[in-house]
Amino acid sequence: MSSLPFADQSQEITTRLSHMGRDSAAHGGFVNVPVYRGSTILAESLEQWNGAKTTDNPMANYGRFGSPLTRSLESAICTLEGGAGAVVFPSGLSACTHALMGLVSAGDHVLITDSVYGPTRHFADHVLGRMGVAIDYFRPTDVEQLKQKIRNNTRVIYVESPGSITFEVQDISAITAIARKQDAYVVMDNTWATPLFFKPLDHGVDISVQAATKYIIGHSDALLGIATANDRALRHLQAAAHDFGETAGPDDVFLALRGLRTLAIRLQQHYESGVRLAKWLEGHPAVDAVLHPALPSHPGHELWRRDFTGASGLFGAVLKPMTPHQLSVLFKAFRFFGIGLSWGGFESLALLIDPLPKRDDGRAFGNGHLLRIHAGLESSDDLIHDFDAALAAARKVAG
Ligand SMILES: *Cc1c(COP(=O)(O)O)cnc(C)c1O
């Protein structure tokens with residue numbers, strides 16, 4: 001643990017995570033806020049009914065606008081992100097798309113990092129495009145190109161750091177400075193770092209999005225999104241949720257609050273295991289390159305050190321060319337690495353990225369194979385042994 005930068009902050013945050021967003025006295029002494037199920041919420045008098053109407057609850061009380069449980073999660077995440085308010089969504093993607101929908105109108109221009117999460121890119125191209133919003137992508141680490149692409153009608157700059165699949169680290173402060181000059185909003189997908197390892201709003205971002213499905217829930221047993229906005233963007237974010245009727249199921253919100261309690265200690269373990277495994281892979285003869293911002297070999301390493309206080313367990317590795325049969329043997333040989341999509345759970349994953357993601361600058365990964373790896377909470381010794389054995393099995397069947 002001591003060999004990693006920033007590894008000793010987990011104590012204070014662990015204490016905060018144990019106590020934030022709950023109120024035992026208000027719930028019969030129970031430690032956790034209970035699951036509130038319901039659509040109708042009754043008022044005792046006309047005065048109380050009318051008094052319940054607020055800007056974020058324009059029709060007075062109704063289950064779609066959340067419950068004390070929803071408010072608990074939103075307030076906890078909002079505190080961690082340092083925002084003015086947070087809104088839950090039924091999935092991470094839904095939080096991404098509604099953050100955008102709340103801000104744009106026909107005729108607007110949106111600039112999106114080329115390294116964005118694939119389904120967000122699909123939404124921008126296929127839905128925003130259809131609504132008359134012009135979409136343009138910029139190279140994640142090229143601030144000069146971003147400046148050149150800014151237009152008078154640029155309304156949103158959408159960033160994600162490190163980038164999905166390819167792990168580029170973006171200079172968020174430089175990007176938000178450019179946006180401010182143009183009066184544009186900046187939305188950031190902060191799922192990789194969580195608000196524990198990066199604070200988008202402190203860097204000038206207006207809306208920070210979490211796929212809570214990943215580390216916040218942390219157990220691969222539910223889907224949820226949550227977006228946190230500053231003062232300037234909050235009413236747009238709330239309007240997007242309300243106007244589209246977005247709401248989240250109470251059991252999933254409960255699981256997110258439960259996951260949050262252990263987020264710091266889980267992330268610390270993902271961080272340490274991920275770095276150990278990444279370093280080990282970097283020295284393996286079957287591996288061409290490792291894409292992990294916490295490794296000094298990563299082009300974004302200095303930016304990561306400047307802005308982040310840790311790394312999650314998700315990174316990439318480029319394997320030297322193998323035959324399809326070797327790849328098949330490799331994946332069959334894994335005991336602990338599952339082939340699956342939704343990282344951030346307690347279990348390890350390895351995914352072959354095929355086809356490679358669309359990247360406008362035509363970056364090549366040679367003729368090797370890009371793997372996305374999630375280091376779970378298993379012992380890092382076991383993970384390294386597992387990878388070692390699987391690579392050896394694949395080597396043995398070389399044609
Ligand atoms: C998984 C993911 C999402 C979407 O979350 P879902 O809950 O699966 O909809 C968004 N952004 C990033 C970076 C993700 O990894």
Inset, instruction - Report the C-alpha distance between F197 and F308 in whole Å, list the side-chain angles of each, state the deciding distance to 0.1 Å, and finish with yes or no for ring pair (Phe, Tyr, Trp, His ring centres under 6.0 Å). - result: CA-CA 5 Å; F197 287 160; F308 289 73; 8.6 Å; no
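I77 and I13 fall within a single hydrophobic cluster, where Ile, Leu, Val, Met, Phe, Trp and Tyr side chains are chained together by heavy-atom contacts under 4.5 Å.
Listed for the T113 side chain is no donor-acceptor partner under 3.5 Å among the backbone atoms of V116. Without hydrogens or angle criteria, N190 side chain to F198 main chain gives a donor-acceptor distance under 3.5 Å. With hydrogens and angles disregarded, no donor-acceptor distance shorter than 3.5 Å links the side chain of R372 to the backbone of A350. Between the T194 side chain and the L196 main chain, a donor and an acceptor come within less than 3.5 Å of each other. Using modelled atom types, no side-chain atom of R16 and backbone atom of L80 make a donor-acceptor pair closer than 3.5 Å. Side chain of Q326 to backbone of A394: a donor-acceptor contact under 3.5 angstrom is found. H270 contributes a side-chain N or O that, together with a main-chain N or O of A375, makes up a donor-acceptor pair within less than 3.5 Å. At distances below 3.5 Å, not a single donor-acceptor pair connects side-chain atoms of D381 with backbone N or O atoms of I384. In this structure, the side chain of S348 engages the main chain of G376 through a donor-acceptor pair within 3.5 Å.
Taking the centre of each ring, W343 and Y215 come in below the 6.0 Å mark. The ring of H298 has its center no closer than 6.0 angstrom to the ring center of F167.
A salt bridge links R139 to D142: one of the charged nitrogens lies within less than 4.0 Å of a carboxylate oxygen. One finds no salt bridge joining K199 and D307 here, because no Lys/Arg side-chain nitrogen approaches an Asp/Glu carboxylate oxygen to under 4.0 Å. Residues E144 and K147 are paired through a salt bridge, judged by an N-O separation under 4.0 Å between the basic side chain and the carboxylate. For R71 and E74, the salt-bridge test passes: some basic side-chain N is under 4.0 Å from an acidic carboxylate O.
Test L303, I175, V143 against Q170 for side chain to side chain contact (heavy atoms under 4.5 Å, CB included) and you get one pass: I175. Across E282, H369, K320, a single residue satisfies side chain to side chain contact (heavy atoms under 4.5 Å, CB included) together with D288, and that is K320.
Judged by distance alone, the side chains of T154 and Q182 never bring a donor and an acceptor atom under 3.5 Å apart.
Here salt bridge (charged side-chain N to carboxylate O under 4.0 Å, His left out) pairs that include residues 171-190, with residues two or more places apart or in two chains, are D171-R306, D183-R232.
Relative ring orientation between W304 and Y271 is described as perpendicular, the plane-to-plane angle rising above 60° on a 0-90° scale split at 30° and 60°. Using cut-offs of 30° and 60° on the angle between ring planes, the pair H292 and F315 is tilted. In this structure, F334 and F387 have perpendicular ring planes: the angle between them is above 60°, well past the 30° mark.
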